[in-house]
Asker: 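The structure's right below; bear with me while I get my questions together.
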Amino acid sequence: MKKTNLILITILISLFVTSCEKDPCDDGYTQLDNGVCVPDYVVGIEKKTNLGNVFYHSEYGAITFKNGNWYDNQNLIIENIKD
C-alpha cells in the first residue's frame, strides 16, 4: 500500500512539474496568443524559408512578409523595419 501511494505521488508530482512549463517554444521562437510558436525576427532574416512568412518582432509583435513587404497584425505595411 505504501509503495503504491509513493508511486502515485511521484507520478502526480512529475505531471505537475512538466505541465507548468511557461514557454513551450524552442529558443529563437515566441508563442503567439493563438498558441502557435513562430520564429523571432532578426535583421537580415531570410524571408523565403521553410519557417513560413510569420515572425515575431519585439516592437511590432507578429509580422508577416508577403509581396516584398512586411505587414503588422493590422495588415498595414511596416515602412521602417530594419532589414
Side-chain angles (χ1 to χ4, degrees):
M1 183 73 169
K2 289 183 181 181
K3 189 175 182 179
T4 306
N5 287 341
L6 183 60
I7 291 173
L8 287 174
I9 290 172
T10 304
I11 290 172
L12 288 173
I13 290 172
S14 299
L15 289 173
F16 179 73
V17 169
T18 57
S19 68
C20 290
E21 186 177 339
K22 294 181 181 181
D23 187 9
C25 301
D26 293 334
D27 287 341
Y29 288 75
T30 300
Q31 185 177 22
L32 300 179
D33 292 338
N34 62 4
V36 175
C37 295
V38 296
D40 295 333
Y41 172 84
V42 291
V43 174
I45 195 164
E46 188 177 338
K47 299 164 193 85
K48 296 179 183 175
T49 66
N50 60 350
L51 300 175
N53 62 347
V54 178
F55 299 88
Y56 179 79
H57 191 277
S58 59
E59 183 179 344
Y60 299 106
I63 59 174
T64 306
F65 187 77
K66 57 186 175 186
N67 301 324
N69 293 309
W70 287 104
Y71 293 85
D72 64 11
N73 60 355
Q74 298 173 344
N75 210 27
L76 300 173
I77 294 177
I78 302 170
E79 297 287 339
N80 58 354
I81 195 166
K82 293 181 179 159
D83 227 3

Asker: When rounded to the nearest 0.5 angstrom, what distance separates OG1 in Thr64 from NE2 in His57?
Answerer: 13.0 Å
Asker: Could you check, using the six-membered ring where one of them is a Trp, whether Trp70 and Tyr60 have ring centers closer than 6.0 angstrom?
Answerer: no
Asker: Sequence neighbours left out, what passes ring pair (Phe, Tyr, Trp, His ring centres under 6.0 Å) with Tyr71? Give chain and number order.
Answerer: none
Asker: Tell me whether the count of non-hydrogen atoms from other residues, nucleotides or ligands lying under 6.0 Å of CG in Asp33 goes above 12.
Answerer: no
Asker: For a 4.5 angstrom cut-off between non-hydrogen side-chain atoms, does Ile63 reach Phe55?
Answerer: yes
Asker: Please name all residues satisfying side chain to side chain contact (heavy atoms under 4.5 Å, CB included) with Asp27, sequence neighbours left out, ordered by chain then number.
Answerer: none
Asker: Where do Pro39 and Val54 come nearest, in terms of heavy atoms and distance?
Answerer: CD-O, 3.6 Å
Asker: Taking transitive links into account, so neighbours of neighbours count too, which hydrophobic residues share a cluster with Leu76 at under 4.5 Å side-chain distance?
Answerer: none
Asker: So, does Asn53 use its side chain to make a donor-acceptor pair with the main chain of Phe65 at under 3.5 Å?
Answerer: yes
Asker: Residues two or more places apart in sequence or in another chain: which of them pass side chain to side chain donor-acceptor pair (under 3.5 Å) with Tyr56?
Answerer: none
Asker: How long is the span from the OG1 atom in Thr30 to the CG atom in Asp40, to the nearest 0.5 Å?
Answerer: 3.5 Å
Asker: Examine distances only and state if a side-chain atom of Asn34 and a backbone atom of Val36 form a donor-acceptor pair shorter than 3.5 Å.
Answerer: yes
